[in-house]
Enquirer: 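Here's a structure for you.
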Number of protein chains: 2
Amino acid sequence: MLTIKDVAKQANVSEGTVDRVIHNRGGVSKKTEQKILRILQENNFKLNPIASALALKKKYVIATLVPKFDRENVFWESPHMGIMKALSEVESYGIQIKDHSFDQFDTDSYLSEFERILKTRPDVVILVPMFIEQTKEIANRLDHEGIPYMFLNIDLEGLNNICFIGQDSYMGGYVAGKLMCLSLGKGDGCVTVRTRSNITNYHAIYKRMEGFNRYLESSCENKIVNLDLKVDNLNDTGTVKETLEKFLIDNVHIKGIYVPSSRTSVIAECLDVAFHKRVKIIGFDTTPQNIHCMERDQIQFLISQRSFNQGYEAVRTMSDYLIHRKTPVKRIYSPIQIIMKENLAYNDRNKLSFQSENAKVG
Amino acid sequence: MLTIKDVAKQANVSEGTVDRVIHNRGGVSKKTEQKILRILQENNFKLNPIASALALKKKYVIATLVPKFDRENVFWESPHMGIMKALSEVESYGIQIKDHSFDQFDTDSYLSEFERILKTRPDVVILVPMFIEQTKEIANRLDHEGIPYMFLNIDLEGLNNICFIGQDSYMGGYVAGKLMCLSLGKGDGCVTVRTRSNITNYHAIYKRMEGFNRYLESSCENKIVNLDLKVDNLNDTGTVKETLEKFLIDNVHIKGIYVPSSRTSVIAECLDVAFHKRVKIIGFDTTPQNIHCMERDQIQFLISQRSFNQGYEAVRTMSDYLIHRKTPVKRIYSPIQIIMKENLAYNDRNKLSFQSENAKVG
DNA sequence: ATAAAAAGTGTGTGCGTACACGAAAATCTG
DNA sequence: CAGATTTTCGTGTACGCACACACTTTTTAT
């Protein structure tokens, strides 16, 4: 492998001059520059990224703004772990992460946590744009301050984010629709369970419903009819159970339940065995609770989005952007994974191995 | 971040001594060692992997032995690209790759290429154990020479490989069985297409058939019967078409075709439109040809295994093993991905982005 | 006291980065 | 046009951190 020293020797200049040519720092005569560039190209010179990283003592700060996770809402733990995994890989390149979290049901906490971020003046921000209006405001401020930002998991259009990493929600719903059609027979129907508490994260949920309905209308041979059931509060399992079972008793042709959110397990767990024999549940994301239900045959399909990887890639992408000035593509779509009991165990190995690594340390 | 220098200062010894404690090189009195270890632990000291990599000028050679790919058998291109992608990431750590390939229908080329590998005396070998008997011989030789080796994509039991990376073929078939059941109705049947030319790669194919049959027997409500159809030579599309269409005409209840190999497209492409309306095809791997068929609704499902990632992870795992002495887990299972037309586009982004990166350069 | 083994030190190396500084050329001043 | 000043071009080198080998000092055995 050719080194800067070698190039310098060949060009009869010093290492410093070669370095300045490589990084376009100026202060080199055109003649020398051409000569050096020629040597670089002819030998297909590549910087040794290791040595480069070591010498580069510049520090970068990435701020993250991601919803809190807790026992009830565990989904966001996974991207957060991905972020931490990526951090462990890039921190020796001078990348620091200041992670901030907010209550996904409270716009104020979203904004106030953002204010804190601004004060620390990070180099870039990775955020989950949970609320539309507030995000517009935030984006505006960031544009004004000249701080680049990327959206994680949720996509909002018309803003100047340099990148989005996440699933195409519409197609996620579309795939769910196909799976529902496959699972049901002629004359069967299904129901979409909507929760008021999820209106905050309206965009993704809405797109998932839209895609689902579109498939049912356009491509389903059996002409399956999809009804709508509103549930007020998912934490009040008693009422959920009551509402749902009453609905199922009133509508005997319903053989499928579609839950366009990651809290599918709440629906699955409140149903009695008899109903599980009758209805297939299709939902989203492989949270521990959902996995638990799936293992016990209470959930038929989950559409998963490698959320661990989303966090991981977000940080890696931003690090590349900061260190190597590599502008990312505008949208990085996560795969639409179809998870069922039989392939569940082979999913998300990255996350699992990261967990066990950390377990060893702690 | 604490450095070796800091630790040395704290412990009143030189950097060299700290280094020897960290790497257990010996030559340090117990007293000093304890003192240093205490400081390391208390401050949760971690080596700077960047500096470490730079200082370590040891070179490692990884030899790979993977089937050739060409227009007819394009599957193996994908793991090979993964290998190259990983190489680009680790070559500055002193990792070199000598890649060797063999004809997957010719045991002699397998063995002779292996002989060449042995002569170069690599530090480790990554190989696709395509032939059982010959692989036993190879494994023996490697054991004898003390060269560690790992299996890629195909698993053979009872040998001393330090690791296997690939799919659980049995479960892959099992999942295919479930998808077949979902796709067919009561009274329908399906057929498994076997090719003689694939007997070489007997193991994986066999396991896929086994898993498929097991699902049909044990868990399929509709009691779908699976027949067997042998096809001599997949390259002779005329005969394949004839055999297959005759079979389908003779067995009108057959509504599904199961192809337990990556050359699913060959079957799909030889069928006339009329048959495509009637039968659903389920196969393996997202080769360009298979993708092409799927986009045109000629293939219903593909079980995919992230083969690009298999190659990638194989090299990364071995690099970790060589550089950090990190012993890998015995089996690293790839996900069992369910691919259909609707989620096809979101699959294997890694591979695509690697392709486009290389396109820019070339 | 001397040899031998053990313990510990000092330093050059890997490679790119960036700054302080030197040299040469170009521009300006009277 | 001599001399001073600025600009342009280029050099030299300390630094980041771990590694490993040659070397010196201390301890132990003889």
Side-chain angles (χ1 to χ4, degrees), chain A residues 1-37 39-40 43-60 89-96 322-325, chain B residues 1-40 43-60 89-96 320 322-325:
Chain A
M1 254 189 180
L2 206 69
T3 72
I4 282 196
K5 205 179 248 164
D6 300 328
V7 176
K9 220 173 280 169
Q10 271 196 51
N12 265 321
V13 294
S14 80
E15 301 170 40
T17 308
V18 177
D19 182 65
R20 281 188 349 276
V21 170
I22 291 173
H23 294 92
N24 246 319
R25 264 195 267 279
V28 181
S29 69
K30 265 177 203 135
K31 219 181 77 189
T32 332
E33 188 176 5
Q34 285 308 315
K35 189 159 116 195
I36 292 175
L37 280 176
I39 296 175
L40 292 178
N43 301 67
N44 188 23
F45 176 84
K46 293 235 172 67
L47 275 177
N48 181 334
I50 301 292
S52 183
L54 183 62
L56 215 46
K57 337 152 211 251
K58 182 144 179 43
K59 302 279 175 242
Y60 296 104
E89 288 182 16
V90 297
E91 67 182 340
S92 43
Y93 290 85
I95 302 276
Q96 289 183 340
L322 290 169
I323 300 170
H324 307 120
R325 274 143 227 218
Chain B
M1 253 188 182
L2 205 70
T3 70
I4 283 195
K5 205 179 249 166
D6 300 328
V7 176
K9 220 174 279 167
Q10 269 196 52
N12 264 320
V13 294
S14 79
E15 300 170 41
T17 307
V18 177
D19 181 66
R20 284 193 340 280
V21 170
I22 290 173
H23 295 93
N24 248 319
R25 265 194 266 281
V28 182
S29 67
K30 263 172 205 144
K31 221 180 76 187
T32 332
E33 188 176 7
Q34 285 307 317
K35 189 159 118 196
I36 292 173
L37 280 175
R38 207 174 41 73
I39 296 174
L40 293 178
N43 301 65
N44 189 23
F45 174 85
K46 293 233 174 67
L47 274 177
N48 181 332
I50 301 292
S52 185
L54 182 61
L56 213 47
K57 25 204 154 201
K58 180 140 181 46
K59 302 280 177 241
Y60 296 103
E89 287 181 18
V90 298
E91 67 182 340
S92 44
Y93 289 86
I95 302 277
Q96 289 183 341
D320 260 12
L322 290 170
I323 299 170
H324 306 120
R325 273 143 229 218

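We name chains A, B, ... by the order of the sequence lines, and we start the count at 1 in each one.
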Enquirer: Is it the case that over 12 heavy atoms from other parts of the model lie below 6.0 angstrom from the NZ atom of A/Lys31?
Expert: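 No - once you tally the heavy atoms of other residues, nucleotides and ligands closer than 6.0 Å, there are 12 at most.
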Enquirer: Compare every heavy atom of A/Ile323 with every heavy atom of A/Tyr60, then report the nearest pair and how far apart it is.
Expert: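 Smallest interatomic distance, heavy atoms only, reads CE1-CG1, 4.2 Å.
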Enquirer: Any donor-acceptor pair under 3.5 Å linking the side chain of A/Arg20 with the backbone of A/Val28?
Expert: no
Enquirer: Identify which nucleotide among C/dA18, C/dG10, D/dA20 has an atom closest to any side-chain atom of B/Asp19, counting heavy atoms from C-beta outward.
Expert: D/dA20
Enquirer: Tell me which residues in residues 32-40 of chain B lie within less than 4.0 Å of DNA chain C, going by non-hydrogen atoms.
Expert: B/Thr32
Enquirer: In whole Å, I'd like the distance from the CG atom of B/Asn12 to the C1' atom of C/dG10.
Expert: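 Distance, rounded to whole Å: 16 Å.
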Enquirer: Mind calculating the distance between CG (B/Leu56) and P (D/dA18) to the nearest angstrom?
Expert: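 Result: 13 Å.
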Enquirer: Nearest whole Å is fine: how far is D/dA20 P from B/Lys58 NZ?
Expert: 10 Å
Enquirer: Rounded off to whole Å, could you give me the CG-to-C1' distance for the B/Leu2 and D/dG16 pair?
Expert: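 Rounding to the nearest Å, CG of B/Leu2 and C1' of D/dG16 are 15 Å apart.
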Enquirer: Using side chain to side chain contact (heavy atoms under 4.5 Å, CB included) as the criterion, point out the one residue from A/Thr32, A/Ile39, A/Ile36 that pairs with A/Val21.
Expert: A/Ile36
Enquirer: Rounded to the nearest Å, what distance is computed from the NZ atom of residue B/Lys5 to the P atom of nucleotide C/dT9?
Expert: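 It works out to 15 Å between those atoms.
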Enquirer: Taking the side chain as C-beta and beyond, is there a heavy-atom pair between B/Glu15 and B/Thr3 under 4.5 Å?
Expert: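 The answer is no; the side chains never approach within 4.5 Å.
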Enquirer: On DNA chain C, does the nearest nucleotide to B/Val13 precede the nearest nucleotide to B/Ala51 from the 5' side, or the other way round? Give the residue.
Expert: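 Upstream on the strand: B/Val13.
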Enquirer: Can you check the A/Lys9 NZ to C/dC15 P distance for me, whole Å?
Expert: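 In whole Å, C/dC15 P lies 11 Å from A/Lys9 NZ.
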Enquirer: For B/Glu33 and B/Asn24, what are the C-alpha separation, side-chain angles and deciding distance, and is it a side-chain contact (heavy atoms from CB on, under 4.5 Å)?
Expert: CA-CA 10 Å; B/Glu33 188 176 7; B/Asn24 248 319; 4.2 Å; yes
Enquirer: Applying a 4.0 Å non-hydrogen cut-off, can you work out what A/Tyr93 is touching in the nucleic acid: base, sugar-phosphate, or nothing?
Expert: nothing
Enquirer: Tell me, yes or no, whether the heavy-atom count around A/Lys58 atom NZ, taken from other residues, nucleotides or ligands under 6.0 Å, exceeds 12.
Expert: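 More than 12 within 6.0 Å, yes.
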Enquirer: Are any side-chain N or O atoms of B/Asn43 and backbone N or O atoms of B/Phe45, one a donor and one an acceptor, separated by less than 3.5 Å?
Expert: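 Not confirmed, B/Asn43 side chain does not pair with B/Phe45 backbone.
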Enquirer: Please report, rounded to the nearest Å, how far the P atom of C/dG10 is from the CD1 atom of B/Ile4.
Expert: 16 Å
Enquirer: For the side chain of A/Ser14, counting heavy atoms from C-beta on, which of C/dC15, C/dT9, D/dT11 is nearest?
Expert: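 Closest nucleotide to the A/Ser14 side chain: D/dT11.
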Enquirer: Closest to the B/His23 side chain: D/dG16, D/dC19, C/dG16?
Expert: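 The listed nucleotide nearest to B/His23's side chain is D/dC19.
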Enquirer: Where is the tightest heavy-atom contact between B/Ala8 and B/Val18, given as atom of each residue plus distance?
Expert: CA-CG2, 3.7 Å
Enquirer: Would you say the side chain of B/Ile4 lies within less than 4.5 Å of the side chain of B/Asn48, judging by non-hydrogen atoms?
Expert: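 Contact flag for B/Asn48/B/Ile4 side chains = no.
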Enquirer: Which nucleotide wins on minimum distance to the side chain of A/Thr17, given the candidates C/dT9, D/dC19, D/dT11?
Expert: D/dT11
Enquirer: Hey, which of these two, A/Ser29 or B/Leu47, hits DNA chain D nearer its 5' end, going by closest nucleotide?
Expert: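 Final value for this comparison: A/Ser29.
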Enquirer: Are OP1 or OP2 of C/dG16 and a side-chain N or O of A/Ser52 less than 4.0 angstrom apart?
Expert: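 No, because none of the side-chain N or O atoms of A/Ser52 sits under 4.0 Å from OP1 or OP2 of C/dG16.
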Enquirer: Hey, which of these two, A/Arg20 or A/Thr3, hits DNA chain C nearer its 5' end, going by closest nucleotide?
Expert: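 Its nearest nucleotide being more 5', the pick is A/Thr3.
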Enquirer: May I have the distance from B/Ile50 (atom CD1) to D/dA18 (atom P), rounded to whole angstrom?
Expert: 11 Å
Enquirer: Between N or O atoms, less than 3.5 Å apart, protein on one side and nucleotides 22-25 of chain C on the other: list the pairs.
Expert:
none

